[in-house]
Amino acid sequence: MRRILVAGNWKLNGSLAANAELLDGIIAGASADAPVDLLVCPPYPYLAGIADKLEGTGIAVGAQNVSQQASGAFTGEVAASMLVESGCTHVLVGHSERRSLYGESSKTVAEKFEAAQAAKLIPVLCIGETLEEREAGRTEAVVSEQLDAVIEQVGVQALADSILAYEPVWAIGTGMTATPEQAQDVHKFIRERIAGLDASVAEGLRILYGGSVKGSNAAGLFAMADIDGGLIGGASLKADDFLAIANAAS
Ligand code: PGA
């Protein structure tokens, strides 16, 4: 049985005061025996402080990005080993905002995935199509290309120590959630594609859905056979909203 994971991607939001209020709310409201794992992904400067604050709560901490480089003359970059030292266990790679706004290719994303795993971080690999690509009937081709780049880089076995997030770009921050059926179709496609290479890796792999998930639509999504949780943007910034999604998993 795959456990549901609810992950918050805070993006470029937060402050010491706002983070404290948000986390106090989540800690107070999260039930330790709920059948759901929680992960928060704040901006870099807050990671170490938040990891300290969350120690012993069972809530995991991840970064939103990582360098593909281990060290050296790469101004502005942050290495996977540094994230580990900051208390991270996870890191997002290939979020569509990184791909579209910062020009990250599937090859770069695959290198980041590899760098994360080399430091023993669990990469959360984000893949998904734009509206234009969906309307052109290219959804499966696009997610396959994004997934295959990683499999080519690290091999299918490496996916066993990772998490996938299917995030249709047209659903991110738009309020236009994919229906549970639309999401399930793509999740099933992804799992079957991986099963073609390694059935047991495919069976164990958690595939999250992301894109305008909220308390009111989470239960329908999480009830689908191949949806194993959510990657939450906007609704991860308020404790009540985030907890409502976590509760939907129970
Ligand atoms: P959203 O963002 O929940 O605000 O749509 C999801 C994401 O970008 O991970």
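As the structure lists them, so they are numbered: ligands from 1, and atoms in each ligand from 1.
Among D198, D185, D226, the single residue meeting the salt bridge (charged side-chain N to carboxylate O under 4.0 Å, His left out) criterion with R191 is D226.
Under the 4.0 Å criterion applied to side-chain N and carboxylate O atoms, R2 and E203 are assigned as salt-bridge partners. Of the charged side-chain nitrogens involved, none lies within less than 4.0 Å of a carboxylate oxygen, so that D161 and K120 do not count as a salt-bridged pair.
Within ligand 1, counting atoms from 1 as listed, the ones closer than 4.0 Å to a heavy atom of K11 are 2 (O), 7 (C), 8 (O). Residue H95 has at least one heavy-atom neighbour below 4.0 Å for each of these atoms of ligand 1: 7 (C), 8 (O), 9 (O). Close approach of ligand 1 to G211 (heavy-atom distance below 4.0 Å) involves ligand atoms 5 (O). Every atom of ligand 1 is numbered from 1 in the order shown, and the set under 4.0 Å from a heavy atom of L231 is 6 (C), 9 (O). Contact atoms of ligand 1 toward A171: 5 (O) (distance under 4.0 Å to a heavy atom of the residue).
Atom CD of E77 has more than 12 heavy atoms from other residues, nucleotides or ligands within 6.0 Å. Within a 6.0 Å radius of CD in E145, more than 12 heavy atoms belonging to other residues, nucleotides or ligands are found.
Between S236 atom OG and K11 atom NZ the span is 8.5 Å, to the nearest 0.5 Å.
For ligand 1, the polar-atom distance check against T174 finds no nitrogen or oxygen pair separated by under 3.5 Å.
Not a single heavy atom of K214 sits closer than 4.0 Å to an atom of ligand 1. Residue contact check for ligand 1: A235 places no non-hydrogen atom closer than 4.0 Å to it.
With hydrogens and angles disregarded, a donor-acceptor distance shorter than 3.5 Å links the side chain of R206 to the backbone of R3. In this structure, the side chain of T177 engages the main chain of S212 through a donor-acceptor pair within 3.5 Å.
Residue nearest to atom 5 (O) of ligand 1, selected from G233, G173, S236: G173 (by heavy-atom distance).
The single protein non-hydrogen atom nearest to atom 9 (O) of ligand 1 is E167 OE2, 2.7 Å, given as residue, atom name and distance. Counting protein heavy atoms only, atom 4 (O) of ligand 1 is closest to G234 N, 2.8 Å.
Contacts with ligand 1 closer than 4.0 Å are made by side-chain heavy atoms of N9 only, the backbone lying farther away. Of all the heavy atoms of C126, none lies under 4.0 Å from any atom of ligand 1, so neither backbone nor side chain is involved.
Residues satisfying the ring-ring contact (aromatic ring centres under 6.0 Å, His included) criterion with Y166, sequence neighbours excluded, are H187.
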